[in-house]
S.K.: 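Have a look at the structure that comes next, please.
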Amino acid sequence: MVRTRLAPSPTGEDLHIGNLYTALINWVFAKQNNGKFIVRIEDTDRKRLIEGAEERILKTLKEFGLEYDEGPDVGGPYGPYRQSERLEIYKKHALELVEKGYAYFCFCSPERLQKIRKEQQKKGIIPPKYDRYCLKRYSKQEALEKFEKGEKAVIRLKIPEKSEISFVDEIRGKITFKSDLIDDQVLLKSDGFPTYHLAVVVDDYLMKITHVIRAEEWISSTPKHVLLYTAFGWELPKFIHLPILRNPDKSKLSKRKNPVWASWYLKEGFLPEAILNYLALMGWSHPEGKEKFSIEELVKIFDIKRIKTVGPVFDVQKLEWLNGEYLREAKSEKLKAKILEYYKKYHDLDLPEELVEKTIPLIRERVKKLSDYMFYCKFFFERPKKYQMDLSPFKDLIEKMKSALEKIPEHEWKAEKIGEVMVKLYESLPEEVKNNVSRSKFFMVLRVAITGQKITPPLNESMEILGREECIERLENVKFQMTNDKSMTKSK
RNA sequence: GCCCCGUUGGUCUAGCGGCCUAGGACGCCACCCUUUCAAGGUGGAGAUCACGGGUUCGAAUCCCGUACGGGGCACCA
């Protein structure tokens, strides 16, 4: 049975978007093979541990619908799924390796390691490697005794000399490394915690992971893992290294240059399904060239061998386009629910359901992200405090608009009627006024007077929704002293 | 520096020896629609397929170099 896994470290604020990408591929691959997707928390670095990160990572994963079959909070037959709770397992395995002669104790201080590294660099020995001082100095027995007496020690992997280590990457083919270039990797740290390398191999084996699907940055350390598998006498899993998502400058996607936390995209008003869809397009393409497809379809059609090996640039603009596609195609009821939920969850706003419902047809073609909703619609919920245009030259005009609107009886207050009346008003204006105020300018004045904004949903429909009394009152209460508000008048 | 992985328009990509005078999408520009902004429609600019050698009747596609980009070289993952 296929078993894949995501192994995040709780060392950031939240799930990294690159991890979300890896999670997606792992999830989809497991699903399409009727396998299991497992989450394992790699919290072996106590120094970088961030409070609450694990919870946030798991929560985000769920928000994206990437449910896992086994994990720290849901359990499973191969737990615990938190590495900090598996310390004895790693120790036992590390000791086993020492016993078999594949690893050895090292008692060197960090200072000494630092020193020899510097010396080697000076001599041009690159990359620097541990000099095996402790391996030469202590016999296996002596070392073990020292260790058992409680002396601070690490266990290092003894990399075989002058040999080649190769493995097959399912999308790149065979990759070979020379063993002489690899340092005697620390497997067990002096604090009793394993390093990543020991922990992944032991856990992937014990948890019966069949396909190790992870980011490309792990290629260089895979030979160490291969060595471990063979030292233990374990069968290798399949390795698949995914391309790394990049910043626009092509460097590895980083928080300095891009928003990287998956939850940030949610807060921005992107839909989980759109984000996942976009991510699927990174390094992979639909055989028919489709750009928009559901995750169910992805599961059906995904082919891991079609993944490219070049690191794609994460383009937020294209994500916005895709997100807009999802928003436009959503059923009104659904769109409304999403908007309501979004503003409640991320802005602690309880928008009136009925009003939101009425505005949906006006904004569905306009919003790219859920957060665009209020950009267009805030005037529905509150009277304009600022006006994006100096209305003082149009005092008389606004007065005329108001009286024209007042002539519309309540029961005829419909978008069509409003439009008709306003067009008539414009037509009836004296020529010299019309020469100064174009028809579109005329409506812009009305627009800003009613909404305060220059960019709005269709005006007549908006006015219909606002209601007769409200519109008339707004025209009455227009504030004309806006010219000094540079930030508003300069907008555009 | 060393090792590994890559290299098709600004970006995501199709392409797996002849269908390519390189196709699609995002973005950009123009026009149409239009009461703002979008959406939609039409059209357009933009790639000597990184470069140089081979192999072949024929190469974006295969091979070798070079350049460039990325990743890795921790008691971090």
Side-chain angles (χ1 to χ4, degrees), chain A residues 7-12 42-45 47-48 83 106 108-110 113-114 117 121 124-129 152-156 169 172 175-178 180-183 185-197 199-200 214-223 241 243-244 246 248-252 278 281-292 308-322 324 328 362-368 372 375-376 388 419 422-423 426 438-444 446-448 451 453-460:
Chain A
S9 295
T11 52
E42 312 231 318
D43 56 350
T44 55
D45 184 349
K47 293 188 206 89
R48 294 200 307 154
Q83 294 187 325
C106 171
C108 294
S109 65
L113 296 175
Q114 184 81 332
R117 192 165 293 144
Q121 272 166 346
I125 301 174
I126 286 163
K129 279 167 65 182
K152 264 207 178 286
V154 302
I155 292 178
R156 312 185 87 111
D169 178 285
R172 280 163 230 264
I175 299 173
T176 304
F177 287 83
K178 289 185 187 63
D180 290 338
L181 271 358
I182 305 171
D183 194 10
Q185 182 59 234
V186 169
L187 300 176
L188 201 69
K189 301 186 254 186
S190 58
D191 62 2
F193 279 71
T195 57
Y196 171 82
H197 306 93
V200 249
R214 74 226 305 188
E216 189 186 351
E217 56 203 355
W218 293 109
I219 290 181
S220 308
S221 36
T222 306
H241 291 101
I244 293 176
R246 317 244 195 126
D249 68 2
K250 306 272 189 183
S251 58
K252 178 162 127 179
Y278 178 70
L281 257 13
M282 300 270 87
W284 183 83
S285 58
H286 188 112
E288 289 160 32
K290 280 170 78 174
E291 304 253 306
K292 180 172 180 284
K308 301 224 307 180
T309 46
V310 252
V313 171
F314 189 89
D315 179 9
V316 182
Q317 223 174 9
K318 186 155 181 176
L319 207 209
E320 285 193 4
W321 162 76
L322 228 203
R328 256 170 266 134
L362 310 194
I363 51 86
R364 73 169 332 127
E365 313 275 74
R366 281 161 244 268
V367 292
K368 287 189 164 158
D372 290 340
F375 168 79
Y376 285 110
Q388 291 186 328
M422 293 323 281
V423 168
Y426 181 74
S438 68
R439 188 165 151 145
S440 73
K441 182 79 177 265
F442 172 86
F443 279 101
M444 185 52 86
L446 213 212
R447 185 183 308 280
V448 175
T451 69
Q453 305 167 201
K454 280 181 163 177
I455 297 174
T456 72
L459 224 209
N460 300 153

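Per chain, numbering begins at 1; letters A, B, ... match sequence-line order.
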S.K.: Give one of base, sugar-phosphate or nothing for A/Pro458, where a contact means two heavy atoms less than 4.0 Å apart.
M.R.: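 If one applies the 4.0 Å heavy-atom cut-off, A/Pro458 turns out to touch a base.
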S.K.: Heavy atoms from C-beta onward define the side chain here; which of B/C4, B/U36, B/G70 lies closest to that of A/Phe177?
M.R.: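 For the A/Phe177 side chain, the nearest candidate turns out to be B/C4.
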S.K.: What nucleic acid atoms does A/Leu113 come within less than 4.0 Å of, heavy atoms only: base, sugar-phosphate, or nothing?
M.R.: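 The answer is base, as A/Leu113 lies within the cut-off (heavy atoms under 4.0 Å) of a base atom.
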S.K.: Using the side-chain heavy atoms of A/Tyr376, tell me which of these nucleotides is nearest: B/C37, B/A77, B/A25.
M.R.: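 Out of B/C37, B/A77, B/A25, the nucleotide with an atom closest to A/Tyr376's side chain is B/C37.
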S.K.: Rounded to whole Å, please give me the gap between CH2 in A/Trp321 and C1' in B/A38.
M.R.: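 Taking CH2 of A/Trp321 and C1' of B/A38, I get 16 Å after rounding.
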S.K.: Atom CZ of A/Arg328 to atom P of B/A39: distance rounded to whole Å?
M.R.: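 Nearest whole value for this atom pair: 6 Å.
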S.K.: Answer with base, sugar-phosphate or nothing: what part of the nucleic acid does A/Arg364 contact at a heavy-atom distance below 4.0 Å?
M.R.: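 Nothing: the residue A/Arg364, judged by heavy atoms under 4.0 Å, touches no strand.
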S.K.: Counting side-chain heavy atoms from C-beta on, which of B/C75, B/A77, B/U13 comes nearest to A/Ser285?
M.R.: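 Nucleotide nearest to A/Ser285's side chain: B/U13.
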S.K.: Quick check: does any side chain N or O of A/Gln185 sit under 3.5 Å from a backbone N or O of A/Leu187, one acting as donor and the other as acceptor?
M.R.: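 Absent.
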S.K.: Tell me if a side-chain donor or acceptor on A/Glu320 pairs with a main-chain N or O of A/Lys368 at a distance below 3.5 Å.
M.R.: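 No.
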S.K.: Using a heavy-atom cut-off of 4.0 Å across all strands, would you classify A/Glu291 as base, sugar-phosphate, or nothing?
M.R.: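 Base, at least one base atom sits under 4.0 Å.
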S.K.: May I have the distance from A/Lys454 (atom NZ) to B/A38 (atom P), rounded to whole angstrom?
M.R.: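 The answer, rounded to whole Å, is 14 Å.
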S.K.: Please determine, for the side chain of A/Asp315, which listed nucleotide (B/U36, B/C26, B/G72) has the closest atom?
M.R.: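 Side chain of A/Asp315 sits closest to B/C26.
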S.K.: Let me know the distance between NZ of A/Lys47 and P of B/A74, rounded to the nearest Å.
M.R.: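 Checked: the NZ to P distance equals 15 Å.
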S.K.: It should be established whether A/Lys290 places a side-chain nitrogen or oxygen under 4.0 Å from OP1 or OP2 of nucleotide B/G24.
M.R.: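 No, outside the criterion.
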S.K.: Whole Å only: how far is the CG atom of A/Asp45 from the C1' atom of B/A74?
M.R.: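 Checked: the CG to C1' distance equals 10 Å.
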S.K.: With sugar-phosphate meaning primed atoms plus P, OP1 and OP2, does A/Asn460 contact a base, only sugar-phosphate, or nothing at under 4.0 Å between heavy atoms?
M.R.: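 Base contact.
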S.K.: Of all the choices, B/U13, B/U36, B/C76, which nucleotide is nearest to the side chain of A/Ile455 once you look at every atom?
M.R.: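 That would be B/U36.
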S.K.: Once you apply a heavy-atom cut-off of 4.0 Å, does A/Pro223 come out as touching a base, just sugar-phosphate, or nothing?
M.R.: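 Answer is nothing: A/Pro223 stays at 4.0 Å or more from every strand.
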S.K.: In whole angstrom, what separates A/Trp284's CH2 from B/A25's P?
M.R.: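 Going from CH2 in A/Trp284 over to P in B/A25 covers 18 Å.
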S.K.: Pick base, sugar-phosphate or nothing for A/Pro457, based on heavy-atom distances below 4.0 Å to the nucleic acid.
M.R.: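 A/Pro457: base contact, heavy atoms under 4.0 Å.
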S.K.: Go through the N and O atoms of the side chain of A/Arg439 and the base of B/U35, and report whether any donor-acceptor pair is under 3.5 Å.
M.R.: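 Not at all, since no donor on one side and acceptor on the other fall under 3.5 Å apart.
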S.K.: Nearest of B/U36, B/A74, B/G72 to any side-chain atom of A/Lys252?
M.R.: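 The closest nucleotide is B/G72.
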S.K.: Checking A/Tyr426 side chain against A/Arg439 main chain: does a donor-acceptor pair fall under 3.5 Å?
M.R.: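 Side chain of A/Tyr426 to backbone of A/Arg439: a pair is present.
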S.K.: Do the charged groups of A/Glu216 and A/Lys252 touch, with an N to O distance under 4.0 Å?
M.R.: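 Answer for the salt bridge query: no.
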S.K.: When we call it a touch if two heavy atoms are under 4.0 Å apart, what does A/Gly324 touch: a base, just sugar-phosphate, or nothing?
M.R.: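 Result for A/Gly324 = nothing.
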S.K.: I'd like to know if A/Ser220 reaches the base of B/C3 with its side chain, counting only an N/O donor and acceptor under 3.5 Å.
M.R.: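 Per atom types, no contact qualifies.
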S.K.: Tell me which nucleotide among B/U36, B/C75, B/C12 gets nearest to the side chain of A/Lys318.
M.R.: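 Per side-chain heavy atoms of A/Lys318, the pick is B/C12.
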S.K.: Just by modelled atom types, is the A/Val154 backbone N or O under 3.5 Å from a matching donor or acceptor in the A/Ser190 side chain?
M.R.: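 Checked: no pair found.
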S.K.: Identify each atom pair where a protein N or O and an N or O of nucleotides 45-51 of chain B are less than 3.5 Å apart, giving names and distance.
M.R.:
none

S.K.: Side chain of A/Glu365, heavy atoms from C-beta onward: which of B/C26, B/A39, B/A77 has the nearest atom to it?
M.R.: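 Among the listed nucleotides, the one closest to the side chain of A/Glu365 is B/A39.
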S.K.: Remember a base hit wins even if backbone is also touched, and classify A/Ser190 as base, sugar-phosphate or nothing at under 4.0 Å, heavy atoms.
M.R.: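 It contacts base atoms.
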S.K.: Do A/Lys368 side-chain and B/A38 base share a donor-acceptor contact under 3.5 Å?
M.R.: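 Between B/A38 and A/Lys368, which were checked side chain against base, a qualifying N/O pair under 3.5 Å is absent.
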S.K.: Provide a list of protein-nucleic acid N or O atom pairs under 3.5 angstrom, restricted to nucleotides 5-8 of chain B.
M.R.:
from: B/C5; atom 1: O2'; to: A/Arg172; atom 2: NH1; distance (Å): 2.6

S.K.: Starting at CE of A/Met282 and ending at P of B/A14, how long is that distance when rounded to a whole Å?
M.R.: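 After rounding, the gap between these two atoms is 11 Å.
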S.K.: With sequence neighbours left out, what residues match A/His241 under ring pair (Phe, Tyr, Trp, His ring centres under 6.0 Å)?
M.R.: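 By the ring pair (Phe, Tyr, Trp, His ring centres under 6.0 Å) rule, A/His241 matches no residue at all.
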S.K.: In whole Å, measure the gap between the P atoms of B/G41 and B/G27 for me.
M.R.: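 B/G41 and B/G27 have their P atoms separated by 13 Å.
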S.K.: Starting at CD1 of A/Ile363 and ending at P of B/C37, how long is that distance when rounded to a whole Å?
M.R.: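 In whole Å, B/C37 P lies 18 Å from A/Ile363 CD1.
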S.K.: Is there a side-chain polar atom (N or O) of A/Ser221 under 4.0 Å from OP1 or OP2 of B/C73?
M.R.: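 No, because none of the side-chain N or O atoms of A/Ser221 sits under 4.0 Å from OP1 or OP2 of B/C73.
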